[in-house]
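Working notes, beginning with the structure itself.
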Amino acid sequence: MELQEKLYVPVFTGVDRDVFLRDISPQRRPAVLRGVCLGSCQDKWTVEYLGQKGGDKEVKIHVSTVPQMDFLHKNFAYKTLPFNEFVKRASETKHSDFFLCEDESYYLRSLGEDVRKEPADLSKQFPDLAEDFQVPDFFNPDQFFSSVFRISSCGLQLWTHYDVMDNLLAQVTGMKRVVLYSPQDALHLYLSGDKSEVLDIDGPDLKRFPDFVKAKRYECVLEPGDLLFIPALWFHNTLALQFGVGVNVFWRHLPTDSYDKKDPYGNKDPVAATRALQALERALHTLDELPADYRDFYGRRMIQRIQKRTYCDGLSRTHAQKDSDTTLPSSPSTKPG
């Protein structure tokens, strides 16, 4: 018996810019795009080629003794390696050279040159490799925010989190499972900031997280060459089924001034959302001046006001559609096997 209702992310073929902007992006739902040209990277990006082109440029990486990396409790160490050595180790299952143990797991999330100010940009950090990768033409150039190089060991699983910008995950080599949860299920994910406290989504501790079963689980397996459209605020958890190389391309879906200008990672909440959350904290502190039963009563009234003002029933109905309803209008599609 499934713990959660499982829905499959629809797969679309023959998607160009017009189809994406007309039929896919406005739906605000994840979609696998198959057959989009990513350039020569699919054929070229072998371990040997990556090491040769990336050279001995030093990169900061995550290293863990277990494949399930947990950002909340930091069960990994930050280490530095020459890029070519990192790629070699990440492609291995057992290591003759290692930091923590011979079967340690590796993960690279590329960074800007000035990590405090500059977003990652493949064309700046790895210009020779960037020549092989064709950024999909699905948004305007002035909306571009970052292109993040991601390389992970086989079996590596990353924590469930959301991003505040739309993005395309290009799976260049290797296969990857991605599990996603709708923003409307945020209350069932036990959030700590932008991350879920439910670390094991396949075998969750239901005594600690009983409402987790209420979250609808969207799932797909990305094959080499696939693109996954992840709309802003959709939670996602990735599991590398093989050693793999990918590129995340983020762009500003909202007007530019909606985002924090001092955010090189693109993961800070929009400015208006941050202000609202701060105002809520002040309101809650004010309620502390009242006795417990009064706090309970006025807290419930506040929740009711928030629901009436912000909950979007139309979106809830859209995301509650069943697996059978996976096609979007006027869009060529095939259901995943």
Side-chain angles (χ1 to χ4, degrees), residues 41 45-51 54-111 115 120 122 125-126 129 148-163 167 169-180 192-205 219-224 226 228 230 235-248 265 267:
C41 54
W45 283 7
T46 63
V47 172
E48 294 75 16
Y49 181 86
L50 289 168
D56 58 3
K57 170 188 174 71
E58 288 200 336
V59 289
K60 181 173 283 190
I61 57 174
H62 302 64
V63 183
S64 177
T65 57
V66 294
Q68 193 178 68
M69 288 193 179
D70 167 15
F71 196 84
L72 285 174
H73 303 100
K74 300 290 199 304
N75 69 338
F76 53 82
Y78 290 108
K79 299 292 183 180
T80 302
L81 277 178
F83 181 77
N84 49 14
E85 173 66 14
F86 157 71
V87 172
K88 180 181 79 69
R89 292 197 199 182
S91 65
E92 302 169 337
T93 53
K94 296 288 184 182
H95 315 293
S96 53
D97 296 313
F98 53 85
F99 293 107
L100 307 174
C101 62
E102 65 177 6
D103 59 349
E104 63 193 14
S105 295
Y106 294 85
Y107 169 58
L108 166 71
R109 187 247 192 245
S110 63
L111 304 169
V115 297
L122 189 67
Q125 281 84 60
F126 299 93
L129 290 170
V148 181
F149 207 20
R150 297 188 191 271
I151 302 178
S152 55
S153 299
C154 179
L156 183 87
Q157 187 170 16
L158 293 179
W159 52 90
T160 305
H161 69 283
Y162 70 88
D163 298 301
N167 86 86
L169 169 56
Q171 189 65 24
V172 179
T173 68
M175 297 178 68
K176 178 175 288 181
R177 185 195 75 176
V178 185
V179 174
L180 305 105
S192 176
D194 63 343
K195 303 166 188 68
S196 170
E197 294 181 7
V198 184
L199 302 178
D200 186 355
I201 63 171
D202 299 305
D205 182 346
E219 188 169 320
C220 62
V221 172
L222 300 181
E223 301 175 1
D226 283 352
L228 173 61
I230 307 177
F235 297 87
H236 44 285
N237 177 293
T238 62
L239 171 63
L241 303 177
Q242 300 170 328
F243 164 74
V245 182
V247 180
N248 267 113
Y265 291 97
N267 59 8

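Residues: numbered from 1 along the sequence shown. Every value quoted in this text rests on a predicted model; they were computed, and no experiment measured them.
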For this session: Take atom NZ of K57 as the centre, draw a 6.0 Å sphere, and report whether it contains more than 12 heavy atoms from other residues, nucleotides or ligands.
Result: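 Yes, the 6.0 Å shell around NZ holds more than 12 heavy atoms from other groups.
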Exercise. If you count the non-hydrogen atoms of other residues, nucleotides and ligands that lie under 6.0 Å from NZ in K79, is the total more than 12?
Worked result: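 It does not: K79 NZ has 12 such atoms or fewer within range.
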Set of residues satisfying side chain to side chain donor-acceptor pair (under 3.5 Å) with respect to [X], sequence neighbours excluded:
{"X": "Y162", "value": "D269"}
{"X": "T160", "value": "N237"}
{"X": "H95", "value": "E92"}

Just by distance, do the side chain of [X] and the backbone of [Y] share a donor-acceptor pair under 3.5 Å?
{"X": "Q125", "Y": "S110", "result": "no"}
{"X": "D163", "Y": "H236", "result": "no"}
{"X": "Q171", "Y": "T173", "result": "yes"}

Heavy-atom side-chain contact between [X] and [Y] under 4.5 Å:
{"X": "R150", "Y": "T238", "value": "no"}
{"X": "V66", "Y": "F76", "value": "no"}
{"X": "D200", "Y": "D205", "value": "no"}
{"X": "F149", "Y": "V245", "value": "yes"}

For this session: If the plane angle is over 60° it's perpendicular, under 30° parallel, otherwise tilted; pick one for H62 and Y107.
Result: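 Because their plane-to-plane angle lies in the 30° to 60° range, the rings of H62 and Y107 count as tilted.
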Exercise. Taking the six-membered ring for Trp, are Y106 and F86 parallel (under 30°), tilted (30 to 60°) or perpendicular (over 60°)?
Worked result: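 Taking F86 first and then Y106, their aromatic rings stand perpendicular (interplane angle over 60°).
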For [X] against [Y], the heavy-atom pair lying closest together:
{"X": "S152", "Y": "A240", "answer": "OG-CB, 3.6 Å"}
{"X": "S64", "Y": "M69", "answer": "CB-CE, 3.7 Å"}
{"X": "R109", "Y": "Y265", "answer": "NH2-O, 3.6 Å"}
{"X": "Q242", "Y": "M175", "answer": "OE1-N, 3.1 Å"}

For this session: Evaluate side-chain contact (heavy atoms from CB on, under 4.5 Å) for I151 paired with F243, printing each intermediate quantity in order.
Result: CA-CA 8 Å; I151 302 178; F243 164 74; 3.6 Å; yes
Exercise. Can you check whether W45 and F126 have ring centres sitting under 6.0 Å from each other?
Worked result: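 No: the rings miss the under 6.0 Å criterion.
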Exercise. Would D70 and N75 count as a side chain to side chain donor-acceptor pair (under 3.5 Å) if you check the C-alpha gap in whole Å, the side-chain angles of each, and the deciding distance to 0.1 Å?
Worked result: CA-CA 6 Å; D70 167 15; N75 69 338; 5.3 Å; no
Exercise. Does the pair R89 and V63 meet the rule for a side-chain contact (heavy atoms from CB on, under 4.5 Å), with working shown?
Worked result: CA-CA 11 Å; R89 292 197 199 182; V63 183; over 6 Å; no
For this session: Among H73, Q68, K195, find the residue that satisfies the side chain to side chain contact (heavy atoms under 4.5 Å, CB included) test when tested with W159.
Result: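 Answer to the side chain to side chain contact (heavy atoms under 4.5 Å, CB included) test with W159 among H73, Q68, K195: K195.
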Problem set entry | Qualifying residue for side chain to side chain contact (heavy atoms under 4.5 Å, CB included) with L81, from V87, L108, D97, I61 |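 The residue from V87, L108, D97, I61 that satisfies side chain to side chain contact (heavy atoms under 4.5 Å, CB included) with L81 turns out to be I61.
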For this session: Please lay out, stage by stage, how K94 and D103 fare under the test side-chain contact (heavy atoms from CB on, under 4.5 Å).
Result: CA-CA 5 Å; K94 296 288 184 182; D103 59 349; 3.9 Å; yes
